[in-house]
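Worksheet for the structure shown next.
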There are 2 protein chains.
Amino acid sequence: MRVLARAGANGASVRAIAQEAGVSPGLVGHYFTGIDALIAETYTHVDAMVTRALDAAVAAAPPQPRARLEAFVTASFTAPIAQPALLATWIAFWSLVTSQPQIARQHDDQYAGYRARLEHLLREAGVAEADLRHAAIAVTALVDGLWLELCLSPQCFSGEEAGAIARRFLGTVCGDVAG
Amino acid sequence: MRVLARAGANGASVRAIAQEAGVSPGLVGHYFTGIDALIAETYTHVDAMVTRALDAAVAAAPPQPRARLEAFVTASFTAPIAQPALLATWIAFWSLVTSQPQIARQHDDQYAGYRARLEHLLREAGVAEADLRHAAIAVTALVDGLWLELCLSPQCFSGEEAGAIARRFLGTVCGDVAG
DNA sequence: ATAGTTGTTGTACGATCGTCCAATAAGGCG
DNA sequence: CGCCTTATTGGACGATCGTACAACAACTAT
């Protein structure tokens, strides 16, 4: 993660990672089947970290379903999730999705897990069962898109603005998605 | 573009590109200052192609502002824009944004251009001036997020579903963004 | 203490990377 | 025709890549 953040997806070589970890380059091959597996496990780790941060934000929110939902999206645009330093990890992982079927499956699983957590919150907030799937896809896409542009062009809008945009969208999802 | 689509961001080397183009590797250095500049120009080219496709879709739509707006987002999820083959070009470009200030500026410009076109359509569709900026950011993020996940997990939802989700969101933006 | 497993090192290997450059081919112009 | 500019080649260069492997250190358990 540190090397990806500092050197980018192209600069995260076995040697650079080993040096950052203070071990020899050969040790990487002892614990991972290859550099791609290392990146995949790094992504898994970051995804778990993000999930933990989101769950914590939801747990710390008032018990009202709507408040929990808003805490979920608000946390998406505050540290430790909305760091541009995490972007390189995502990019490095995405660049493997199209070429490696196993990585594609991992992405599908983790993306599905994210949507499932969101569906749970949306259901509690009163979204109709028939609209749940599309609502979760929509909120996920909006949050992902805002997060991505926030990392790529941090001066265009702020994390607070992104949170406000996403929370306003939640209002339309919870109130209007009846047809 | 073809090499990026076939070999991914990591496999798009000077030699592979030259071979695809049927020229010698040395010729790349004659027309571009380096591989990064080549990727940046490729991104510019793809962005122009996308812009052209979107403008054509808007021009072919009925004259009603709302129909033009819907044509804009619908086209975002149909060929030639919603090809997973284009994803590698964006990923290769994104991986350069954080490390190269010039590339970051290029991204800012093209992202701003996209939002400006969208703001124009939203204004015509009756979105209040005060809400225009946030509305454009929101629609852009939703479309980008849907487009990204559509390319990464094509079996999760279809381009038609993505278009339907985005069009429904347009309804809330045009009708409810008053406060 | 000794054997055996595990952790770790450093390096060597072949491949490939981006870039550079002298040499050749091509083409317009006097 | 010869001359100059441009287009293009193909390979050399040094650096770096991912991986494999023999050697050494550390630890466990009999």
> Taking any atom under 4.0 angstrom from a heavy atom of chain A, which nucleotides of DNA chain C are the first and last to qualify, 5' to 3'?
Replying inline: C:dG7 to C:dA12

>> Going by salt bridge (Lys or Arg N to Asp or Glu O under 4.0 Å), name the residues that satisfy it together with A:E161, two or more places apart in sequence or in a different chain.
In response: B:R133

> Does A:R115 make a cation-pi contact with A:Y111, if we ask for NZ or CZ under 6.0 Å from the ring centre and within 45° of the axis?
Replying inline: yes

> Between A:C151 and A:Q83, which heavy-atom pair has the shortest distance, and what is it?
Replying inline: SG-O, 4.0 Å

> For the atom pair CZ (B:R15) and OG (B:S24), what is the distance rounded to the nearest 0.5 Å?
Replying inline: 11.0 Å

>> Using whole Å, what does the distance between atom C1' of nucleotide D:dC17 and atom CD1 of B:I35 come to?
In response: 16 Å

> Which atom names give the shortest non-hydrogen contact between A:V28 and A:A18, and what distance separates them?
Replying inline: CG2-CB, 4.3 Å

> A:R167 and A:E160: which non-hydrogen atoms are nearest, and at how many Å?
Replying inline: NH2-O, 4.4 Å

>> Which residues in residues 99-106 of chain A have a heavy atom closer than 4.0 Å to any atom of DNA chain D?
In response: none

> Are the aromatic ring centres of A:F157 and A:F77 under 6.0 angstrom apart?
Replying inline: no

>> Distance alone, cut at 3.5 Å: any donor-acceptor contact between the side chains of A:T140 and B:E149?
In response: no

Short heteroatom pairs, N/O only, protein and nucleotides 26-28 of chain D, under 3.5 Å:
none

> Is there side-chain contact between B:Q106 and B:F93, with heavy atoms separated by less than 4.5 Å?
Replying inline: yes

>> Please enumerate all residues that pass salt bridge (Lys or Arg N to Asp or Glu O under 4.0 Å) together with A:E119, with sequence neighbours excluded.
In response: none

> About how many Å separate CD of A:Q102 and CG of A:L96, when rounded to the nearest 0.5 Å?
Replying inline: 11.0 Å

> Taking a hydrophobic cluster as the set of Ile, Leu, Val, Met, Phe, Trp and Tyr residues connected by side-chain heavy atoms closer than 4.5 Å, whether directly or through intermediates, do A:W147 and B:I165 fall within one such cluster?
Replying inline: yes

Pick out the pairs of N or O atoms, protein on one side and nucleotides 8-12 of chain D on the other, that lie under 3.5 Å.
unit_1: D:dT8; atom_1: OP2; unit_2: B:Y31; atom_2: OH; d: 2.7
unit_1: D:dT9; atom_1: OP2; unit_2: B:S24; atom_2: N; d: 2.9
unit_1: D:dT9; atom_1: OP2; unit_2: B:S24; atom_2: OG; d: 3.1

